[in-house]
Amino acid sequence: MKLSKIYDPREMNSYQFVAMTGLVMTILANIILLFIDKTVENFNALYLCWFVFFGLGTIVNFNSKPDEHDHHHHH
């Protein structure tokens, strides 16, 4: 089990990359909402969605064969 598949963008698959991008966008949106003093109902559910999405991507990544590491061509 290569732990670098969790934190190294070069080792991530497309699912993990999308989840990380989504998470960063969600955090930025959250900061903006705090700044303008607005609350969005169920906004925190987005964090759970990205976390689950990343988790599934990580499972797929760990189960993928080493020769499939290039995440530029999608299956």
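The shown structure was predicted, so the numbers you read here are calculated from the model rather than taken from an experiment.
Phe54 pairs by the side chain to side chain contact (heavy atoms under 4.5 Å, CB included) definition with Ile6, Met12, Gln16, Ala19, Met20, Thr58, not counting sequence neighbours. For Phe35, there are no side chain to side chain contact (heavy atoms under 4.5 Å, CB included) partners, not counting sequence neighbours. For Phe51, there are no side chain to side chain contact (heavy atoms under 4.5 Å, CB included) partners, not counting sequence neighbours.
Cluster annotation: Ile27 is connected to Leu46 through the hydrophobic network of ILVMFWY side chains, with a link wherever side-chain heavy atoms come within less than 4.5 Å. Taken together through direct or relayed side-chain contacts under 4.5 Å among Ile, Leu, Val, Met, Phe, Trp and Tyr, Leu23 and Val40 form part of one hydrophobic cluster. Leu28 and Phe43 fall into different hydrophobic clusters, defined by Ile, Leu, Val, Met, Phe, Trp and Tyr side-chain heavy atoms under 4.5 Å apart, directly or through other members. Clustering ILVMFWY residues whenever any of their side-chain heavy atoms sit less than 4.5 angstrom apart, transitively, puts Met25 in a cluster other than the one holding Val18.
Residue Leu48 belongs to a hydrophobic cluster whose other members are Val52, Leu56, with links defined by side-chain heavy atoms closer than 4.5 Å. Leu34 belongs to no multi-residue hydrophobic cluster, having no ILVMFWY side-chain contact under 4.5 Å with any other such residue.
Summarising the geometry, atom CG belonging to Asn61 is positioned 7.5 Å from atom CD belonging to Glu11; distances are rounded to the nearest 0.5 Å.
The side-chain hydrogen bond (donor to acceptor under 3.5 Å, both in side chains) pairs that include a residue from residues 26-45 are Thr26-Trp50, Asn30-Tyr47, where partners are two or more places apart or lie in different chains.
Formation of a donor-acceptor pair under 3.5 Å by the Asn63 side chain with backbone atoms of Ile59 is found in this model.
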